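Each chain gets a letter, A, B and so on, in the order its sequence line appears, and its residues count up from 1. Here the structure is a predicted model, which is why all the values come from computation and not from measurement. When reading the values below, keep in mind they use all heavy atoms of this one structure, side chains included, and skip hydrogens, waters and symmetry mates.
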Number of protein chains: 4
Amino acid sequence: MAYYREDQYGGDSRSKRHQILAAAYDVFSRKGYHRATVDEIIALADTGKGTVYNYFNNKEQLFYTLVRERNQPFEAALQQVIDADQPPMAKIEAMVRIFLRFYQENADLWRVMMHEMRGFGSEDLSFVKAETREKYREVLGSSVKLLAKALKEGVDQGVLREINVTHAAYVLYSAVVTMAFNHFIEDVEASARELADIFQYGMAKH
Amino acid sequence: MAYYREDQYGGDSRSKRHQILAAAYDVFSRKGYHRATVDEIIALADTGKGTVYNYFNNKEQLFYTLVRERNQPFEAALQQVIDADQPPMAKIEAMVRIFLRFYQENADLWRVMMHEMRGFGSEDLSFVKAETREKYREVLGSSVKLLAKALKEGVDQGVLREINVTHAAYVLYSAVVTMAFNHFIEDVEASARELADIFQYGMAKH
Amino acid sequence: MAYYREDQYGGDSRSKRHQILAAAYDVFSRKGYHRATVDEIIALADTGKGTVYNYFNNKEQLFYTLVRERNQPFEAALQQVIDADQPPMAKIEAMVRIFLRFYQENADLWRVMMHEMRGFGSEDLSFVKAETREKYREVLGSSVKLLAKALKEGVDQGVLREINVTHAAYVLYSAVVTMAFNHFIEDVEASARELADIFQYGMAKH
Amino acid sequence: MAYYREDQYGGDSRSKRHQILAAAYDVFSRKGYHRATVDEIIALADTGKGTVYNYFNNKEQLFYTLVRERNQPFEAALQQVIDADQPPMAKIEAMVRIFLRFYQENADLWRVMMHEMRGFGSEDLSFVKAETREKYREVLGSSVKLLAKALKEGVDQGVLREINVTHAAYVLYSAVVTMAFNHFIEDVEASARELADIFQYGMAKH
DNA sequence: GATGAATGAGAATTCATTCAT
DNA sequence: CATGAATGAATTCTCATTCAT
């Protein structure tokens, strides 16, 4: 019998669940949440409509699951950097690289997710129930928090100036996201160096 | 007869057209494009459903018109700065202040717009026909272009280092947007100084 | 312009609302609640699907409205009898006649309603939310209560034996319903006399 | 090996068939026919979905089988009374007791069945094919027919007045059913006496 | 026999848009 | 111009049934 490897969706790559998640990734990324239809997803997944609802409670939960499973390895990679024994600047650079790589791959899906969540932080206008939204916000917020933590270390150890680390983390984060969303990232290394350069030394000549 | 001033929507504030645009601003901002319904807009605008279609071809064009008209005075203010005879750094700071003020006011609507446009610059997955999308992109892109132009002047005049001004403009722009979307802006002056500080001198202690 | 009279549905007989309720009566009566489809109702009502949802929140509320509006004149007629100044036996006979006439007309719809309500009195297994169910039960229960009240008068005035009037009311009521549901009622007068005979004097020869 | 007795479902109580029928009784009784799902039945029966379709052709036939098998011992008990050599009044009382006992136990399932059948006797609006419906009607009708037969004996032997025995049978039957459906039966003996009292001697004082 | 993953026909509901008044 | 009743295309979700293992 042929060998099929376990993939990121926790199933062998032929499984219906996998096919659905892969198709959902594609359609949600291209269409956004509301314009994505279950019909298009199943057409792409080459499966029946009922099958989707065997694996997921509804469209929303399918979307949430997709985001969560995509996020997992990324989160793990970040955590590994945090736990490593490195100087703060090295950590930050490593994290930026991970961000760049992740968003280069998942830019479109994340854009959709962030929009549906109203930018990690608003109230009533999302398609998702308050409780679920909290989960998404966790997903998103944790990345920024990890970054802020690293910046804080930098400040504490005296290699960074006394800045508002939360704001700085968001700004740095948003820079990565913006570059990714605008497809400015051709070479992760080059982009990482560009960002590091600006954020470390500023734009001013001195 | 009472006096009603011409307002930003180009009509007297009692006019149906005005009421609809004001209501649309509210609803699109709170609900996003897809979850906003014409029914909710007319309820808020205290007008009939047909009236909306007297003034606008359809929901999409209503949205586009809203964005365009909101953008106009902002764009004008930016242009004024550009045309003024000031040193580049002063221009940039002035522009950042205008950005902050504008996004503080219009954060929610712009978030919606940017999402529906797929970040000023993507492919096929928006709700809007290719031609119309081009118009939106113009709206958004022009701001960034003006910023890039000011940065270029800075580089040319030797006050800024040799950086990729397009990238830098997007990054600076995204910083403003991120702060606005996360409601980090309490005091425009303070925020402007915070951003100027980071982007001019960087985060590193040196 | 032609004259159209106000009918029991509170609208002129051409109105869409009327057409929908009339069609709903037909379909719910023939098919029961679950097997009735909105598609069939609109086909019969010669209207569009959206129109149904302009007048009614959903299928359930359409059904409830139908029952309530059908019930109203019936309820009023009963109340009139109760309020009249007649001896108890005359009241009871009059009520039975009203029941017979009403159920002869509405047997099928009421059968459906009673089933969906689980016979005026059960718990979790209906299609309708607890609150709404309470309303239905009221509709049904009130008839029986009025009957019990008349029986009580009879007992109090010494023309009826000391019986459990609640049970007796249900039994008498169920007799009417059963005859109606089995299409045993050809002539209301004859049926009324038959029931009066059995319930007054019993079946035994003495 | 342990002993498992043959039960009313004609199988040993461990058998899958038995478990399914027992679960089906529970779910159909609580939810009614349409709201009952095969999924809920198999969850309760602790069996697989396919197994249901090994034993029964479809949901409808499962329901019909359930009703038929529940009805069998009841029918037998009734027949025994009919065949016994007793005076008519004793027969009728005995039958009423059997009815009361049976409906006390099966009220909910029978309510569902009667509804789905449209009261033993209607036209096109049931979930069941004409032929099958005939079978159900037989199940239900036979009880009433046996009762009518006993009443006829009473009339023939001069202990009952000259009444329409078919109507009287339905009325007496409906009284039992109504009491059962309304959970008025606490003590079968007391209820039997109450009904016998009303139907023999009437409600009037004389 | 037992199982349960896969399926798709069918149903309810939403909402942008039209058009007669 | 203003209106809002009427519409139906589009979409999500359910659930009985099949069939390969």
Of all heavy-atom pairs between [X] and [Y], which one has the smallest distance, and what is that distance?
{"X": "C:I41", "Y": "C:A23", "result": "O-CB, 3.4 Å"}
{"X": "D:Q19", "Y": "D:D46", "result": "OE1-O, 4.0 Å"}
{"X": "A:V112", "Y": "B:H115", "result": "CA-NE2, 3.6 Å"}
{"X": "C:V52", "Y": "C:I20", "result": "CA-CD1, 3.9 Å"}
{"X": "B:R35", "Y": "A:H34", "result": "CG-NE2, 3.5 Å"}
{"X": "B:K49", "Y": "B:V38", "result": "CG-CG1, 4.1 Å"}

Whole angstroms only, please: what is the [atom1]-[atom2] distance between [X] and [N]?
{"X": "D:Q61", "N": "F:dA16", "atom1": "CD", "atom2": "P", "value": "15 Å"}
{"X": "B:H34", "N": "F:dA10", "atom1": "NE2", "atom2": "P", "value": "15 Å"}
{"X": "A:Q19", "N": "E:dA5", "atom1": "CD", "atom2": "P", "value": "15 Å"}
{"X": "A:I20", "N": "E:dT7", "atom1": "CD1", "atom2": "C1'", "value": "11 Å"}
{"X": "D:E60", "N": "F:dC15", "atom1": "CD", "atom2": "P", "value": "18 Å"}
{"X": "D:N58", "N": "F:dA16", "atom1": "CG", "atom2": "C1'", "value": "9 Å"}
{"X": "C:K16", "N": "F:dG8", "atom1": "NZ", "atom2": "C1'", "value": "13 Å"}
{"X": "C:R35", "N": "E:dA12", "atom1": "CZ", "atom2": "C1'", "value": "17 Å"}

With sugar-phosphate meaning primed atoms plus P, OP1 and OP2, does C:T51 contact a base, only sugar-phosphate, or nothing at under 4.0 Å between heavy atoms?
base
Give one of base, sugar-phosphate or nothing for D:F56, where a contact means two heavy atoms less than 4.0 Å apart.
nothing
Secondary-structure string, 5' to 3', Watson-Crick or G-U under 3.5 Å, | for another-strand partners, for DNA chain E:
.||||||||||||||||||||
Ignoring backbone atoms, establish whether [X] has a side-chain N or O less than 4.0 Å from OP1 or OP2 of [N].
{"X": "C:T37", "N": "E:dG10", "answer": "no"}
{"X": "B:T47", "N": "F:dA2", "answer": "no"}
{"X": "C:Y55", "N": "F:dA6", "answer": "yes"}

State whether the side chain of D:K16 and the backbone N or O of D:G48 hold a donor-acceptor pair below 3.5 Å, judged by distance alone.
no
Ignoring hydrogens and geometry, is there a side-chain-to-backbone donor-acceptor pair from A:K31 to A:D26 under 3.5 Å?
no
Identify, between A:N54 and D:G50, the residue whose nearest nucleotide on DNA chain E lies closer to the 5' end.
D:G50
Both B:Y53 and A:K49 contact DNA chain E. Which one's nearest nucleotide lies toward the 5' end?
A:K49
Could you please spell out the steps behind the side-chain contact (heavy atoms from CB on, under 4.5 Å) verdict for B:F63 and B:L109?
CA-CA 10 Å; B:F63 183 70; B:L109 185 66; 3.8 Å; yes
Give, ordered by number, those residues of residues 38-46 of chain B having at least one heavy-atom distance below 4.0 Å to an atom of DNA chain F; if nothing qualifies, reply none.
none
Hey, what's the ring geometry for A:Y33 with A:F28, parallel, tilted or perpendicular (30° and 60° as the breaks)?
parallel
Has the side chain of C:K59 got a donor or acceptor that lies under 3.5 Å from a partner of the other kind on the base of E:dT13?
no
